[in-house]
Each structure stands twice: as C-alpha cells, then as structure tokens.
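Residue numbers start at 1 and run along the sequence shown. Small disclaimer: the values here were computed from a predicted structure and weren't measured.
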Amino acid sequence: MIRVDAIWLSVQPMDMRMGTDTALARVVAVFGAAQPHHAYVFSNRRGDRLKVLVHDGIGIWLAARRLQQGGFARHGLAQNQALSRAQFDALVLGLPWQRVGEAGVITVL
C-alpha cells in the first residue's frame with residue numbers, strides 16, 4: 001500500500017499525454033515542490049480524465065483514470081485545494097466530492 005498523507009487538487013488542467021517526468025515538473029510548477037507522501041490530482045480540460053502523481057518518499061507513481069460517461073465534478077474551484085480521503089474517493093468515482101465532509105458526512109451546497 002502506498003502511504004498518502006495529503007491529497008491536492010489542481011485547478012489548472014493537464015495535458016493527459018504527459019508522462020511521469022513532465023507531470024512531476026507540472027507539480028513543482030503549480031505546488032512549488034512534490035512533497036513525500038503527497039498525491040497531486042490533475043484533470044484534463046474536458047473534465048473526463050484524471051492523472052494522479054504520488055511521491056512515495058522514494059520514487060514517483062503516476063496513475064490515470066477516465067470516465068466513460070460524464071465528467072469529474074470540479075466546478076466552483078478558484079484555487080488549488082486539499083482533499084480529504086473521502087472527497088478523493090468521491091472525485092475518482094465522478095461523484096460531487098464538494099458535498100462530502102469530514103468522516104464521510106454529506107452536506108448540501
């Protein structure tokens with residue numbers, strides 16, 4: 001299991017053709033550095049694909065996810081944002097992650 005202490009969502013879209021090195025350079029440009037045990041989430045312009053870069057303390061992992069229908073909920077973001085694990089789980093499923101609070105409590109927007 002890869003340890004992840006913090007998850008960060010970028011408001012800037014990423015070209016999904018980027019590989020590990022280019023994605024790492026994007027993380028450094030957007031967040032200032034790639035911290036150990038942190039995950040960085042980017043979506044494409046259409047919002048139907050995600051890339052997640054994880055620094056596990058030794059190396060870099062890059063994962064991608066694509067929805068067959070619809071898009072990832074990302075409206076209303078003005079700046080890069082930290083996500084809870086519950087919010088990240090909802091985001092990758094294409095659910096409205098902004099409504100998920102601490103300990104999985106769902107709130108109304």
Suppose the criterion is salt bridge (Lys or Arg N to Asp or Glu O under 4.0 Å): which pairs have a residue in residues 79-97, not counting sequence neighbours? Arg85-Asp89
Linking I/L/V/M/F/W/Y whenever any side-chain heavy atoms sit under 4.5 Å apart, do Val54 and Leu83 land together? yes
Answer whether the closest heavy-atom distance between the side chains of Asn80 and Ser10 falls below 4.5 Å. yes
hydrophobic_cluster_shared for Val41 and Met14, side chain cutoff 4.5 Å: no
Which distance, rounded to the nearest 0.5 Å, do you find between the CZ of Arg49 and the CG of Asp15? 10.5 Å
Rounded distance [0.5 Å steps], CZ in Arg45 versus CD in Gln12: 10.0 Å
Any Val52 side-chain heavy atom under 4.5 Å of Phe88 side chain: yes
Using side-chain heavy atoms (C-beta onward) and a distance below 4.5 Å, is Met16 in contact with Lys51? yes
Which heavy-atom pair separates Leu50 from Ser43 by the least distance, and what is that distance? CD2-CB, 3.7 Å
Distance in Å, Leu93 CG paired with Leu67 CG, rounded so as to fall on 0.5 Å steps: 8.5 Å
Side-chain heavy atoms under 4.5 angstrom apart, residues restricted to Ile, Leu, Val, Met, Phe, Trp, Tyr: same cluster for Leu53 and Val4? no
For Gly57 against Pro36, the heavy-atom pair lying closest together: CA-CB, 4.0 Å
Least distance between heavy atoms, His55 atom then Ala34 atom: CD2-O, 3.1 Å
For atom CG of Asp5, is the number of surrounding heavy atoms from other residues, nucleotides or ligands below 6.0 Å larger than 12? yes
Quick one: OH on Tyr40 to CG on Leu9, what's the gap to the nearest 0.5 Å? 13.0 Å
Hydrophobic cluster membership, with links at side-chain heavy-atom distances under 4.5 Å among I/L/V/M/F/W/Y: are Met18 and Ile60 in one? yes
According to a 4.5 Å side-chain heavy-atom criterion applied to Ile, Leu, Val, Met, Phe, Trp and Tyr, with indirect links allowed, do Trp61 and Val92 form part of one hydrophobic cluster? yes
Taking the six-membered ring for Trp, are Phe31 and Trp8 parallel (under 30°), tilted (30 to 60°) or perpendicular (over 60°)? tilted
Could you give all pairs that pass the salt bridge (Lys or Arg N to Asp or Glu O under 4.0 Å) test and reach residues 54-66, with sequence neighbours left out? none
